[in-house]
Amino acid sequence: MLDLNFIRKNPEEVKRAVREKHERVDVDHLLRLDADRRELLHQIEVLRKQLNEGSKRVSELKRQKQDAATLVEEMRVLSDKIKGHEKRLDPLTPEIDDLLLRIPNIPAPDIPKGEDASGNQVVRTWGKRREFSFKPRPHWELGASLGILDLERGAKICGSGFPLYKGIGARLERALFNFMLDLHTRKHGYQEVFPPFLVNRASMTGTGQLPKMEEDMYRTSDDLFLVPTAEVPVTNLHRDEILSHKELPIYYTAYTACFRREAGAYGKDTRGIIRVHQFDKVELVKFVRPETSYEELEKLVKDAEEVLQLLGLEYRVLKLCTGDMSFASSKTYDLEAWAPGVEKWLEVSSCSNFEDFQARRINIRFREEPASGGKVRYVHTLNGSGIALPRTLIAILENYQQKDGSVIIPEVLRPYMGGVEVISQ
RNA sequence: GGAGAGGUGGCUGAGCGGCUGAAAGCGGUGGGUUGCUAACCCAUUGAAGGAGGUAAAUCUCUUUCCCCGGGUUCGAAUCCCGGCCUCUCCGCCA
């Protein structure tokens, strides 16, 4: 969330962000409630001061064995008065908090204006388009004929959108996330964590999935949520903590399965495994000093890009425009891999700097060096996919397919595949 | 799931309903001492909000916070109720 103080001072900027991100929050209403609340709070504080002083005098009188009955009676009246004020204050705070939670983060200055995905900017591309002497087939055909992807049986045991990988396909899935975790931990300096796949409501609110996206989440009868991304458990690792400046920056990487209902997304990319309800993903999460967060974002993107480079997959990097960015982000890059079978760019990673938007919700701060005053400040949080599997798997199958329907395994994955070089029937 | 114990500052850990935002120790920071290191000595060291003040900061005043939420009381870390979490034992179990 944004700093209420910032909203007071920059209401127009906040309203613009609300518009640009297609949100609906009444900022003026929020400011009115806030003014009311502060006025009431002030009155209560004045009264409470009187009460505290009075109570102290009662205590003194009693110690001197003097009669305090009149004063006690006075204090009782005062106490009731405070309670009356508090009754009026009570409903205000939750309402303000709720509004605050619904105000999106403000896009960074260099973010292109735009209504939707068409306004995104291509920042760079990597790799070259493969030439095929035949018409490349889509992954669902390859997967079925190779016996590595069984969507029918996945649907039987759970429902559509829950893919079943079999045999060498299952191994390929496992090889992919192991390869990615190794790369990020060994080469890029991330610490591996393996978090719970279920999280509570506070965690979901902390990273910004709630209250806005509740319909898209799977929820259990215990009011727990299946993680839509490892970002949620991993970012919440340090909730309500004050970190030492010595600990920063902190880099984590985590594999989790991810669960998304994608309510309202029906009819889009329904074939194959482009859009599914359960998928695997390796996530990168950073906690950094505010001054370094944009630099750290560039590094994070590079770390994700390297996965695609090592896999030999053609991709492009997009800078998202205001209308296509997520609620909590101030700057986002997407990575899209080319899939020749479906003839589409597929989003395999989304890397964002949230500045202190999440840190404020989750209350993650750090203490400055004594030389800088030892002040407590919010950290900046970042995360990005490093990277998401099903679409990467699609890109591999479709890019590395051969005329006879077999698929060559990218070299970097072979050590994870027991040396298998090609998947064939 | 059953029985018991407990949740206090960065950590360990005291705390009679008022003199406790909190003893003591550790840690951190500043300084001193010392061939170096270690040790020792002194001082200092929680957070959030509001009002005032300032060019800005230092600063002053004030409210709140001892897991969370209610309640009793003039007054709650301390008493009562509910919840959450942790630990120990028993049961069950991959």
Side-chain angles (χ1 to χ4, degrees), chain A residues 1-9 30-101 194-206 219-225 233 236-248 250 257 287 356 359-379:
Chain A
M1 65 188 161
L2 297 175
D3 182 6
L4 189 51
N5 212 7
F6 176 87
I7 301 174
R8 280 180 207 134
K9 285 177 185 154
L30 169 67
L31 290 172
R32 274 195 302 276
L33 290 174
D34 173 51
D36 291 350
R37 177 168 166 277
R38 277 199 294 172
E39 172 58 29
L40 258 176
L41 216 49
H42 187 72
Q43 291 176 22
I44 289 172
E45 278 191 17
V46 170
L47 294 175
R48 197 173 281 284
K49 189 188 173 194
Q50 291 172 21
L51 181 71
N52 287 344
E53 285 168 350
S55 294
K56 207 162 258 181
R57 263 183 288 135
V58 170
S59 154
E60 281 161 15
L61 289 175
K62 290 209 165 168
R63 235 174 304 137
Q64 294 161 14
K65 310 269 187 233
Q66 293 183 25
D67 177 44
T70 352
L71 189 54
V72 166
E73 177 55 22
E74 251 174 62
M75 289 304 109
R76 202 188 54 72
V77 173
L78 189 57
S79 178
D80 285 345
K81 194 171 172 190
I82 291 172
K83 276 171 191 153
H85 277 66
E86 281 173 341
K87 276 263 147 48
R88 288 201 286 146
L89 183 70
D90 271 347
L92 249 40
T93 308
E95 197 177 344
I96 288 170
D97 289 347
D98 184 67
L99 285 169
L100 268 178
L101 289 177
F194 197 101
F197 288 10
L198 290 171
V199 294
N200 56 31
R201 189 169 278 276
S203 295
M204 290 289 274
T205 306
R219 184 161 62 98
T220 72
S221 51
D222 307 307
D223 206 34
L224 297 173
F225 294 83
N236 276 281
L237 256 175
H238 293 296
R239 170 144 45 99
D240 292 321
E241 290 185 21
I242 300 177
L243 304 164
S244 160
H245 59 89
K246 290 177 197 158
E247 296 175 74
L248 300 179
I250 297 173
F287 301 86
D356 62 6
R360 202 178 288 282
R361 289 186 167 222
I362 308 189
N363 198 26
I364 307 176
R365 293 166 293 171
F366 75 103
R367 196 179 296 281
E368 283 276 18
E369 291 84 342
S372 320
K375 273 216 181 314
V376 174
R377 300 168 64 197
Y378 286 107
V379 299

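Naming convention: chains lettered A, B, ... in sequence-line order (proteins, then strands); numbering from 1 in each chain.
Residue A/Glu60 places no side-chain atom within donor-acceptor reach of the base of B/G18, judged by atom type and a 3.5 Å distance cut-off alone.
Residue A/Glu368 contributes atom CD, which lies 17 Å from atom C1' of B/G46 at whole-angstrom precision. The distance from atom CZ of A/Arg63 to atom P of B/G75 is 17 Å, rounded to the nearest whole Å. Rounded to whole Å, atom P of B/G18 lies 20 Å from atom CD of A/Glu53. Atom CG of A/Asp90 and atom P of B/U64 are 15 Å apart (whole Å).
A sub-4.0 Å separation between OP1 or OP2 of B/A48 and a side-chain N or O of A/Arg365 is present. Using a 4.0 Å cut-off, no side-chain N or O of A/Asn52 falls inside it from OP1 or OP2 of B/G75. Within the 4.0 Å cut-off from OP1 or OP2 of B/G75, at least one side-chain nitrogen or oxygen of A/Ser79 is found. Between A/Arg37 and B/G49 there is no side-chain polar atom (N or O) within less than 4.0 angstrom of OP1 or OP2. Contact annotation: A/Lys375 side-chain N/O to B/U45 OP1/OP2 distance is not under 4.0 Å. Note on A/Arg377: every side-chain N or O is 4.0 Å or more away from OP1 and OP2 of B/A48. When the side-chain nitrogen and oxygen atoms of A/Arg48 are compared with OP1 and OP2 of B/U64, one or more of them lie within a distance under 4.0 Å.
A pairwise comparison of heavy atoms in A/Glu247 and A/Ile250 identifies O-CG1, 3.2 Å as the closest pair. In this structure, A/Leu71 and A/Gly54 approach most closely via the heavy-atom pair CD2-O, 3.9 Å.
Minimum atom distance to the side chain of A/Val376 is reached by B/A47, of the listed B/U63, B/A47, B/G28. For A/Lys49, taking side-chain heavy atoms from C-beta onward, the closest of the listed nucleotides B/G50, B/U29, B/U62 is B/U62.
In this model, a donor atom of one side chain and an acceptor atom of the other lie less than 3.5 Å apart for A/His85 and A/Gln43. A donor-acceptor contact under 3.5 angstrom links the side chains of A/Ser203 and A/Arg239, judged on distance only.
Comparing the same atom, P, in B/U37 and in B/G31 gives a spacing of 15 Å after rounding to whole Å.
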